[in-house]
Amino acid sequence: MRTRFAPSPTGFQHIGGFRTAFFAWALAKHFGGEFILRIEDTDQERKVEGAVSFILDELAWFGIEIDEGPGKEELEKLGERSAHLPKGGRHGPYIQSLRLPKYKAAAQKLIETGFAYRCDCTPEMLEKERAEQMARREVPGYSGYCRTREVPEDKPHVVRFKMPHKPKLSMQDAVKGLVSWDNPPLRDPVLLKSDGFPTYHLAVVVDDHEMEITHVMRGDEWLPSTPIHLLLYQAFGWEAPVFAHLPVILGEDGKKLSKRHGAPTSRELREKGFLPEAIFNFVMLIGWSPGGEQEVFTKDEIVRLFSLDRVNNASGVFLQSKLEWMNGKYIRDLTSEEFYKRVREFSPEIDSIKSKFLELSPHLQERAKTLLEIPSMIEFLTDKKISREWDKVIKKDVTKESAASLLNELKVLISELSGFEIEILDKSVREFAEKKGLKVGAVFPLLRIATLYTSATPPLFESLHVLGKDQVLRRIDEAVRELLL
RNA sequence: GUCCCCAUCGUCUAGCCCGGUCUAGGACACCUCCCUUUCACGGAGAAAACCAGGGUUCGAAUCCCUGUGGGGACGCCA
């Protein structure tokens, strides 16, 4: 079992692209096979610098190990660098622009065996032909003009595949089931471009064969061109791999995931504070389900359960609110130390309040859906000057003056406390309220705003305890001053 | 235009292959309630779907056909 992820470095993969990688990886690992990374950079014009590094870095972030893929030297030739280098392997190079002679030889072989021919039609001619066909409302496509012209090798040319006349084909797709074509609308496709680069069709077939890929997993937008690939395998006399055409992921508007529709890249999700484990889990469950009612799975569980026949054939929508829920679950499962480490990636400055952070951690984890929410939740632990949400407590029946005097009493109470344990704080403030004939709801919120600044915080006494007695007293003082200003 | 794919709550899905156990199950989101000092967590509950029409059958979400809707492909892009 050998699967591969074969992205083209034409931009920054959105999350749907990575899901294809996850599926291929999970299948290979399920059967103890290899997962290969191959870079399909045959379109020089659309090539984007940094795209390969991006793929490498993101795969590493998700914890997807690559068994074979472009190593250091290959990457250097491409001018890409990454801290996460694949091992290389015995089927290299794994970057298509470094494999040009192989494609050329393959195309030559096809010409010799009569399955392909050279064509010197210019783009302008093809353009014109196309326009005419469209005007006549015909299926657009190359007429086959050069099929019998014997274009000499030294003239600029492309190599085209000779599509059989009205081929009838069928294939057992691992997810779609039996797919058959009755006269597919395909004309002689180009295999080798005039710049010597192969097109996708030639390159995938040659590489998947040479790299001994057993299962080709790709988005189902490829299904319509599978006949070309099937016919190519036949022409070469090679056995075709198993194809698995995966349903696509749609955006919340029901449109195909794309930058334009706000499709997130894994990088963006990471910047929003999502955990790679949560994203992986969530995305695996779009288009695949192990059955049953469990939804949160470790990677190992997913690998153990994964199977192609449980991949859905309908496309699915990427619903961020569900990802948020799942991310929250993963955050809650983190140990305090792990949690600290993850948050630190967003705000290194928490180093200065590490012990306080750790102490409050369970309460923080319980409240967060993403890591990005944490910094604002712990602002009260820092010395940063934050304005108090007085409007939450100062209302028509509670004047600034009465609030100030209550806070002064609280300050005396707290300063005279024999300890500063959570239980002691809790007990004495409650007793204080009772003695004054006040509900806790009239005391706690006031104390909260005075010391923690905002109305939504971790539990009050836990927070005060972490803050420390001196700091609490200082803040009450400050609050009183603010009120009487 | 031609070819291909798809179709269960708003969303992710279970069930479909091997018809009855489906008055269609779970989860997210929404709403209500409980817990509660806030915000959350947690718990309980409500509401919410088999695209339509024909067959086959004693019986169809499940099998067949047609229609409709959605998506994709038809490039010297992948």
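By convention in this document, chain letters (A, B, ...) are assigned in the order of the sequence lines, proteins followed by strands, and residues within each chain are numbered from 1.
- Here A:Thr226 lies out of heavy-atom contact (under 4.0 Å) with every strand.
- For B:rC5, the O4'-C1' to base torsion is more than 90° from 0; the nucleotide is therefore anti.
- A:Leu319 comes within contact range of at least one nucleobase, with a heavy-atom separation under 4.0 Å.
- An OP1 or OP2 oxygen of B:rG42 is reached within less than 4.0 angstrom by a side-chain nitrogen or oxygen of A:Lys329.
- When heavy atoms are screened at a 4.0 angstrom cut-off, A:Ser194 is found touching base atoms of the nucleic acid.
- Side chains of A:Tyr330 and A:Gln365 form no contact here, defined as non-hydrogen atoms less than 4.5 Å apart.
- The separation of B:rC64 from B:rC16, taken at their P atoms, amounts to 14 Å, rounded to a whole angstrom.
- Remark: A:Asn313 is not in phosphate contact with B:rC5, judged by side-chain N or O atoms under 4.0 Å from OP1 or OP2.
- When the C1' atom is compared between B:rG53 and B:rC74, the two are found 32 Å apart, to the nearest whole Å.
- The aromatic ring centres of A:His229 and A:Tyr200 sit less than 6.0 Å apart.
- The pairing partner recorded for B:rC51 is B:rG67, the criterion being a Watson-Crick or G-U wobble arrangement whose two distances lie under 3.5 angstrom.
- Between B:rA78 and B:rC41, the two C1' atoms lie 46 Å apart (nearest whole Å).
- Of all nucleotides present, only B:rA73 satisfies the Watson-Crick or G-U wobble test against B:rU2, with each distance under 3.5 Å.
- Annotation for A:Pro247 and A:Asp220: closest pair CA-OD2, 3.5 Å, computed over non-hydrogen atoms.
- Between A:Lys436 and A:Glu409, at least one side-chain nitrogen of the basic residue sits less than 4.0 Å from a carboxylate oxygen of the acidic one, meeting the salt-bridge criterion.
- Nucleic acid contact for A:Lys47: none, since no nucleic acid atom lies under 4.0 Å from a heavy atom of the residue.
- As the counterpart of B:rC17, no nucleotide is assigned, since no Watson-Crick or G-U wobble pattern has both distances under 3.5 Å.
- Comparing the C1' positions of B:rC63 and B:rU57 gives an interatomic distance of 10 Å, to the nearest angstrom.
- Rounded to a whole angstrom, the distance from the C1' atom of B:rA48 to that of B:rG10 is 9 Å.
- Using Watson-Crick or G-U wobble geometry with both donor-acceptor distances under 3.5 Å, B:rG42 finds its partner in B:rC34.
- Between B:rA14 and A:Asn312, a contact under 4.0 Å exists linking OP1 or OP2 to a side-chain N or O.
- With C1' as the reference atom, B:rA46 and B:rC6 are 33 Å apart, rounded to whole Å.
- Checking B:rA27 for Watson-Crick or G-U wobble geometry (two distances, each under 3.5 Å) identifies B:rU11 as its partner.
- Comparing the same atom, P, in B:rC76 and in B:rG70 gives a spacing of 30 Å after rounding to whole Å.
- Taking only side-chain nitrogens and oxygens, A:Arg130 comes nearer than 4.0 Å to OP1 or OP2 of B:rG75.
- Shown here for A:Met217 and A:Arg4, the closest heavy-atom pair between the two residues is O-NH2, 3.7 Å.
- Take the nearest nucleotide of RNA chain B for A:His157 and for A:Val440: the residue whose nucleotide is more 5' is A:Val440.
- Residue A:Asp182 is in sugar-phosphate contact alone, with no base atom involved, counting any heavy-atom pair closer than 4.0 Å across all strands shown.
- Note that A:Arg342 lies outside the cation-pi zone of A:Phe346, set by a 6.0 Å cut-off to the ring centre and a 45° limit from the axis.
- The residue among A:Thr122 and A:Val175 whose nearest nucleotide of RNA chain B lies closer to the 5′ end is A:Val175.
- Checking the phosphate oxygens (OP1, OP2) of B:rC76, a side-chain nitrogen or oxygen of A:Arg160 falls inside 4.0 Å.
- Across all strands, A:Leu285 comes closer than 4.0 Å only to sugar-phosphate atoms, never to a base (heavy-atom distances).
- Contacts of A:Glu293 with the nucleic acid, taken as non-hydrogen atoms under 4.0 Å apart, involve only primed sugar atoms and P, OP1 or OP2.
- A close approach under 4.0 Å does not occur between any side-chain nitrogen or oxygen of A:Lys392 and OP1 or OP2 of B:rU37.
- Contact annotation: A:Lys193 reaches the phosphate of B:rC77 (side-chain N/O to OP1 or OP2, under 4.0 Å).
- For A:Ser315 against B:rC6, no side-chain N or O and base N or O form a donor-acceptor pair under 3.5 Å.
- Taking only side-chain atoms of A:Val139, from C-beta outward, the nucleotide of B:rA78, B:rC74, B:rU37 with the closest atom is B:rC74.
- Within the structure, a side-chain polar atom (N or O) of A:Arg310 is placed less than 4.0 Å from OP1 or OP2 of B:rG15.
- For A:Asp120 and A:Arg149, the salt-bridge test passes: some basic side-chain N is under 4.0 Å from an acidic carboxylate O.
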